[in-house]
Amino acid sequence: MPEFTARFATAEEIENWDKHVTANPNGGNMLQSAAYASVKNGSGWKVRFLVLEGVETASYNLVLEKAVPLLGRLWYLIKGPDLADAGHLKAALESCAALVRERKLNVFTIKIEPDIVDSDAARATLAAAGLAKAPNIQSNDSTALLDISGTDEEVLKAISSRARNAVRRAEREGCEVVRQEPGPETYRALYDLMADTVKAKGSMPLRTYEYYAQFWDEFCNRGQGNFFFTYEDGKPSVGAFVINYGAKATYKDGGSTQNRKQYGDSHLVQWSAIRRMQELGCTEYDFCGTPPASRIKDKSHNLYGMGMFKTSFTKTVTDFVGCHDYVLSPLRHRLWVKGGERVFRRIETARTGQQFY
């Protein structure tokens, strides 16, 4: 088993954080980015920049830390740790525990969600590392991933005939996708479309406008955010916000008006975003959230509609292992999962009006 040491990043490493994260073994994740760190810092979470060093590699991971009354501190390695092999988890987490003890940080649980594809073998590896399954948090623990490393023609040919026909029909009928510059007018337009979608379909809870405006600002200010819109009767009808982070593109936010006249407009928005992401050097496009593969055709799932749309581009749903807890204090962790988390989340939401995670 490889050996790891854990430490906090230097000022120079934090200054160049995205360069380090995108050089991780699996290319990092936009939720480990400097932009996301700025969004979460001061919103009830303390941000820590963690470096895991092995003999031949280093992994840079964002840690969200929250103080929990009476229990201590909770660490959340959002979409991490990013390691070359799932078999390295045990050693990496032991190094985190050693850092916690050395710094007397009073962390009772380290919550992780590495992008390791789910399988019987993966679950056995996580169990052997001493990890306990926890409820998933992020919407793309099950998701649709599209390889966009080929030419436009190759990628278009790889998507389903339904999506391809929708794109071509929208183009034939004169549908135009407009890339909009960031700013309050663009932010409000997309937020209103997202609110329309949630109201009509009730698919996902919507955070406040202020949260999204800050989120979009942070990524756009770093050249990592892109807005795409179509219009009907002079008003926005479909909108999408897509992040380019290293070699990975993520369809993060989107919405649309209901009962639109233009067929294929939402597919054309995605196709336009994919082509732009190719220009920016991305080789993978994450549609960011579907039902699990076992429930992709389950109409009772709250993401059923989104899942049907996203898997029209790529039929394969990728299930990751999701959230697991590395327990440092069994008693305090037991109090947390037996009711502490539920109570504390309710209090935090009532106090701040924001989602807990």
Side-chain angles (χ1 to χ4, degrees), residues 29 31 78-79 111-124 126-127 131-147 158-167 193-207 238-242 248-260 263-271 273-274 284-325 337 341-342 345 355-357:
N29 188 287
L31 294 181
I78 187 165
K79 282 296 171 182
K111 188 176 292 291
I112 70 167
E113 53 186 5
D115 275 346
I116 297 170
V117 176
D118 191 27
S119 68
D120 289 342
R123 288 192 292 272
L126 268 63
L131 289 156
K133 187 71 181 80
N136 290 348
I137 298 172
Q138 299 302 325
S139 61
N140 62 342
D141 284 325
S142 289
T143 192
L145 301 174
L146 179 65
D147 180 355
I159 68 179
S160 75
S161 59
R162 179 165 72 92
R164 191 163 56 247
N165 291 338
V167 167
L193 289 174
M194 293 164 63
D196 283 349
T197 301
V198 169
K199 182 179 179 180
K201 300 180 180 179
S203 53
M204 293 286 284
L206 198 62
R207 294 180 187 263
V238 179
F241 176 70
V242 182
K248 298 179 181 180
T250 303
Y251 168 37
K252 175 60 176 63
D253 301 307
S256 60
T257 57
Q258 308 306 302
N259 304 314
R260 301 185 307 281
Y263 180 83
D265 50 3
S266 56
H267 282 86
L268 187 59
V269 163
Q270 290 301 313
W271 178 239
I274 288 167
E284 180 181 78
Y285 193 94
D286 184 351
F287 284 90
C288 203
T290 66
S294 62
R295 297 187 62 191
I296 192 64
K297 295 185 179 180
D298 181 355
K299 294 183 179 180
S300 68
H301 197 283
N302 67 323
L303 295 180
Y304 170 76
M306 290 185 182
M308 288 294 98
F309 171 70
K310 293 171 181 179
T311 53
S312 70
F313 286 89
T314 173
K315 292 182 179 179
T316 302
V317 171
T318 300
D319 293 325
F320 293 108
V321 293
C323 269
H324 287 72
D325 288 345
V337 300
E341 180 178 19
R342 183 173 62 253
R345 289 179 69 166
Q355 294 179 29
F356 182 77
Y357 288 107

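Note that CE of M194 and CZ of R207 are 10.5 Å apart. Values are rounded to the nearest 0.5 Å. Separating the CD1 atom in I116 from the NE2 atom in H324 is a distance of 9.0 Å, to the nearest 0.5 Å. The distance from atom OG1 of T311 to atom CD1 of I296, rounded to the nearest 0.5 Å, is 4.5 Å. Here F241 contributes atom CZ and T250 contributes atom OG1; the two are 10.0 Å apart, rounded to the nearest 0.5 Å. Here the CG-OG distance, from L303 to S139, works out to 7.5 Å after rounding to the nearest 0.5 Å. Atom CZ in F320 sits 9.0 Å away from atom OG in S142 (nearest 0.5 Å).
Considering only residues two or more places apart in sequence or on other chains, A293 meets the side-chain contact (heavy atoms from CB on, under 4.5 Å) condition with V317, D319. Residues passing the side-chain contact (heavy atoms from CB on, under 4.5 Å) test with R342, sequence neighbours excluded: R346. Residues satisfying the side-chain contact (heavy atoms from CB on, under 4.5 Å) test with K111, not counting sequence neighbours, are Y76, A134, I137, C323, D325, Y357. A search for side-chain contact (heavy atoms from CB on, under 4.5 Å) contacts involving S294 returns P292, not counting sequence neighbours.
A perpendicular orientation is assigned to the rings of H267 and F309, their planes being inclined by more than 60° (bins at 30° and 60°).
Looking at every heavy atom in both residues, C288 comes nearest to N140 through CA-CB, 3.8 Å.
Checking each of T290, D286, D115 against T143 for a side chain to side chain donor-acceptor pair (under 3.5 Å) leaves exactly one that passes, namely D286.
The residues R123 and D120 are annotated as salt-bridged, a charged nitrogen and a carboxylate oxygen being separated by less than 4.0 angstrom.
Here salt bridge (charged side-chain N to carboxylate O under 4.0 Å, His left out) pairs that include residues 136-145, with residues two or more places apart or in two chains, are K79-D141. Applying the salt bridge (charged side-chain N to carboxylate O under 4.0 Å, His left out) test to residues at least two apart or on different chains, the pairs with a partner in residues 289-301 are R295-D298.
Contact annotation: the side chain of Q270 approaches that of Y285 to within less than 4.5 Å [non-hydrogen atoms, C-beta and beyond]. The shortest side-chain heavy-atom distance between L145 and T316 does not fall under the 4.5 Å cut-off. Residues L193 and T257 are in side-chain contact: their nearest non-hydrogen atoms beyond the backbone lie under 4.5 Å apart.
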**Study point:** I78 vs Q138, side-chain contact (heavy atoms from CB on, under 4.5 Å): CA-CA, chis, key distance, verdict
**Key:** CA-CA 9 Å; I78 187 165; Q138 299 302 325; 3.6 Å; yes
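In terms of modelled atom types and a separation under 3.5 Å, the side chain of S312 and the main chain of A163 share no donor-acceptor contact.
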